[in-house]
2 protein chains.
Amino acid sequence: MNIQLLLRQNGLKITKPRETILAILREADHGMDAEWIREQAVLRGIYINLSTVYRTLDLLEELNILEKFDLGDHRYNYVLKKDHHRHTLTCEICHKSVDMDCPMTKIEELINRETGFSIKEHHLELKGVCRECAQKKERNASSQKKGA
Amino acid sequence: MNIQLLLRQNGLKITKPRETILAILREADHGMDAEWIREQAVLRGIYINLSTVYRTLDLLEELNILEKFDLGDHRYNYVLKKDHHRHTLTCEICHKSVDMDCPMTKIEELINRETGFSIKEHHLELKGVCRECAQKKERNASSQKKGA
DNA sequence: ATGTATGCAAAGTATTTGCACAATC
DNA sequence: GATTGTGCAAATACTTTGCATACAT
């Protein structure tokens with residue numbers, strides 16, 4: 001990934017804070033919070049205001065370059081998206097499908113924090129029903145109760 | 001689940017706020033935040049201070065009855081733990097194993113929020129390496145680079 | 001009666017925002 | 001030179017905490 005190219009392609013100006021933040025994100029292997037990113041920048045001799053860090057991070061998230069999540073300590077963690085791998089969910093009742101980003105980055109970070117393990121591969125299968133079918137089912141269940 | 005029994009067994013006093021909060025948690029099918037729980041209590045005619053809600057929720061989390069997580073909007077969500085189903089991770093290198101709570105509740109809530117789907121079943125397989133082996137590997141990789 | 005729980009108000013913490021100045025294109 | 005980005009300080013929103021009072025056992 002060429003940082004300058006990435007910024008230019010997204011219509012963003014090339015500035016030291018942005019280049020530094022992207023470089024830090026790229027080189028880290030696990031999730032980082034805003035303050036930690038700022039500290040890393042300081043170690044590189046670049047003083048960036050925390051609000052600039054947050055603004056840059058928000059920007060990158062909107063551009064779908066970055067994933068942002070909270071592991072439970074009320075602090076956001078940020079990781080560059082590696083693959084844009086997605087999951088398809090199919091409703092077991094009406095067979096309608098929807099797509100979503102693979103949720104495993106969050107899980108992998110969580111597992112790493114809790115156990116120290118780094119996940120190298122995952123296989124995830126999900127079975128579920130869509131909102132409409134779930135509601136229909138619930139309505140049936142309650143009318144049956146009344147009718148019985 | 002008998003609420004009074006549950007409280008008694010954990011050495012907690014039986015109070016209206018606690019009974020109400022537990023009843024609300026038990027009857028809801030998806031994650032709720034503290035403010036929502038308080039509003040539900042008000043609907044039942046019970047006025048509970050928000051700090052009491054938070055304190056009760058913290059208590060239940062410590063007792064491993066409740067799961068607490070942030071779905072990305074800087075607000076905690078709470079769900080009663082259904083099954084105490086756990087996952088075992090085995091290091092692919094040294095074969096050491098560790099256990100952890102199944103991380104899927106959070107993901108299921110997230111999926112529900114993003115797509116509307118309710119997950120009924122999941123199957124998750126993970127392959128990974130423990131911290132020590134990951135560090136050893138990294139050391140080898142860097143010494144090889146230098147040696148080459 | 002004793003220890004525990006609650007309400008209230010104040011503090012805390014990560015994040016966001018408004019505005020003036022500075023840098024990039 | 002026009003537009004976009006940054007720093008600073010103040011604001012925000014959720015959560016936590018200290019303390020006096022009230023309640024459960």
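Side-chain atoms are counted along with the backbone in the values below, which use heavy atoms only and exclude waters and symmetry mates. Small disclaimer: the values here were computed from a predicted structure and weren't measured.
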Heavy-atom check, side chain of A:K68 versus side chain of A:L57, under 4.5 Å: no
Aromatic ring pairing A:H87/A:H122, orientation class (parallel under 30°, perpendicular over 60°, tilted between): parallel
Atom pair distance, as rounded to whole Å: CG in A:L57 and P in D:dT6: 12 Å
Euclidean distance, atom CG of residue B:D73 to atom P of C:dA14 [Å, nearest integer]: 18 Å
Euclidean distance, atom CG of residue B:L7 to atom C1' of C:dA5 [Å, nearest integer]: 12 Å
Residue whose nearest DNA chain D nucleotide is more 5′ - B:H74 or B:R55: B:H74
Any residue of residues 32-40 of chain B with a heavy atom less than 4.0 Å from an atom of DNA chain C: none
Euclidean distance, atom CG of residue B:L59 to atom P of D:dT17 [Å, nearest integer]: 13 Å
Salt-bridge criterion met for A:E132 and A:K96 (N-O under 4.0 Å): yes
OP1 or OP2 of D:dT6 under 4.0 Å from side-chain N/O of A:N49: no
A:Y76 side chain to B:G72 backbone, donor-acceptor under 3.5 Å: yes
Whole angstrom value for the distance that separates C1' of C:dA5 from CG of B:L50: 16 Å
Salt-bridge criterion met for A:E109 and A:K106 (N-O under 4.0 Å): no
Phosphate OP1/OP2 of C:dG7: any B:T52 side-chain N/O under 4.0 Å: yes
Distance-only donor-acceptor hits, side chain of residues 40-48 of chain B, under 3.5 Å, sequence neighbours excluded:
residue : atom : partner : partner atom : Å
B:R44   : NH2  : B:E27   : OE1          : 2.8

DNA chain C-proximal residues of residues 8-23 of chain B, any heavy atom under 4.0 Å: B:L12, B:K13, B:T15, B:P17, B:R18
